[in-house]
Q: 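Below you'll find the structure I mean.
Bear in mind the structure is a predicted one, so any value in this text is a computation, not a measurement. Numbers restart at 1 for each chain; the letters A, B, ... are given by sequence-line order, proteins then strands.
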Protein chains: 2
Amino acid sequence: MDDLDRRILSVLQENNRLSFAELAELVGSSAASCMRRVNKLRSDKVIIADISLVDPKALGKSLTVVVTVELERERLDLVDEFKRAMRATKEVTQCYMVTGDADFVLHVVVEDVEAFDVFVKTKLYTNPNVRKFRSMIALDRVKFEPRVNV
Amino acid sequence: MDDLDRRILSVLQENNRLSFAELAELVGSSAASCMRRVNKLRSDKVIIADISLVDPKALGKSLTVVVTVELERERLDLVDEFKRAMRATKEVTQCYMVTGDADFVLHVVVEDVEAFDVFVKTKLYTNPNVRKFRSMIALDRVKFEPRVNV
DNA sequence: CGTGAAATTAGTTGACC
DNA sequence: GGTCAACTAATTTCACG
């Protein structure tokens, strides 16, 4: 993982549909080198996935809710159990374990408020590990540019 | 935007590196039809972007902080002003306007706590629109599968 | 909208410096 | 690591039904 890898990742996090020749031009290298590096970054799971980002506004029915969760956390294995449950729940598109006012922050993406109500009732109220949660309904996705600093 | 478009978007949100032949196979259509539709979805900005997702853990230095923000919101134009500021701030990778305990939820991605401190001082403390904010530092990105329901 | 063929471009491999 | 050549595969355009 050197500076060239980092420049490659920086570009691919904005656009992964460039040809290796175009990528090489942008990062100041050769197409062959870029291909080798990108393939390695993919097989090493530094690049987790290659996806299209879809505009929810273009589709109508899609509700995002940011949920903060506090756990009953005397037992560490309950934290792991909660993580597993979140990974297995399709409505949860993002989940972070955090410090501060909450233990976890979830992004829940559902069709509408009824679907969110079902989610809350089946995944949070019925979970004895969950002491408390707060829901913040997204009115506007002002910005969405997932990336990490490289 | 019909059911086939939705199936296409559903696949591309998981993997955008399939050939049109492979995509056609998965959604039950022809490669030519898939190509026409995908190109239209891109030009219509239903597909906002095509990107690689990078694992922050594989890179070391990358700190994510979820920040809730309350604004002084007597004036609606201050909300727009704040949105513009967030869109223009590179450390903010996600920004949602929400109902509930806060007015906005931010995802701030920086190198380390020092860089977060700089962000807080230059972008939040100095912003007279910001009444209050709370920071939750991400200890673990348990799940990250950005998508919308289609 | 689907098919198939042709032209173009991109991805991949291997040899070489 | 860079370059070149050769091969394979994908994309794109077009004609046709």
Q: Examine distances only and state if a side-chain atom of Lys143(B) and a backbone atom of Thr89(A) form a donor-acceptor pair shorter than 3.5 Å.
A: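 A pair under 3.5 Å: yes.
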
Q: Return the value, rounded to whole Å, for the distance between atom CG of Asp50(A) and atom P of dG11(C).
A: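 So the two atoms are 12 Å apart, to the nearest Å.
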
Q: Please check this pair: side chain of Gln94(B) against backbone of Pro146(A), looking for a donor-acceptor N/O pair closer than 3.5 Å.
A: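 Checked: no pair found.
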
Q: Listed in order of residue number, which residues of residues 6-29 of chain A have a non-hydrogen atom at under 4.0 Å from DNA chain D?
A: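 Only Ser29(A) qualify.
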
Q: Can you tell me if Thr93(B) uses its side chain to pair, donor with acceptor, with the backbone of Arg147(A) under 3.5 Å?
A: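 Not confirmed, Thr93(B) side chain does not pair with Arg147(A) backbone.
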
Q: As a quick check of understanding, evaluate salt bridge (charged side-chain N to carboxylate O under 4.0 Å, His left out) for Lys132(B) and Asp101(B), giving each step before the final call.
A: CA-CA 11 Å; Lys132(B) 185 178 178 175; Asp101(B) 291 346; over 6 Å; no

Q: How close or far is atom C1' of dT13(C) from atom CG of Asn39(A), stated in whole angstroms?
A: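 From Asn39(A) CG to dT13(C) C1': 12 Å.
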
Q: Hey, which of these two, Asp2(A) or Ala32(B), hits DNA chain D nearer its 5' end, going by closest nucleotide?
A: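 The residue closer to the strand's 5' end, by nearest nucleotide, is Asp2(A).
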
Q: Evaluate the salt bridge (charged side-chain N to carboxylate O under 4.0 Å, His left out) criterion for residues Lys83(B) and Asp140(A): first the C-alpha distance (whole Å), next the side-chain angles of each, then the deciding distance (0.1 Å), finally the verdict.
A: CA-CA 10 Å; Lys83(B) 289 184 186 180; Asp140(A) 184 12; 2.7 Å; yes

Q: Rounded to the nearest angstrom, tell me the gap between atom CE in Met35(A) and atom C1' in dT12(C).
A: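 It works out to 5 Å between those atoms.
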
Q: If you look only at pairs with a residue in residues 120-130 of chain B, which of them pass as a side chain to side chain donor-acceptor pair (under 3.5 Å), with sequence neighbours excluded?
A: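 Residue pairs passing side chain to side chain donor-acceptor pair (under 3.5 Å), neighbours aside: Asp117(B)-Lys121(B).
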
Q: Between the side-chain atoms of Arg36(B) and the base atoms of dG2(C), is any donor-acceptor pair under 3.5 Å?
A: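 For Arg36(B), whose side chain was compared with the base of dG2(C), there is a donor-acceptor pair (under 3.5 Å).
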
Q: Compare side-chain N and O positions of Ser33(A) against OP1 and OP2 of dG2(D) and report whether any pair is under 4.0 Å apart.
A: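 Checking dG2(D) against Ser33(A), a side-chain N or O does come within under 4.0 Å of OP1 or OP2.
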
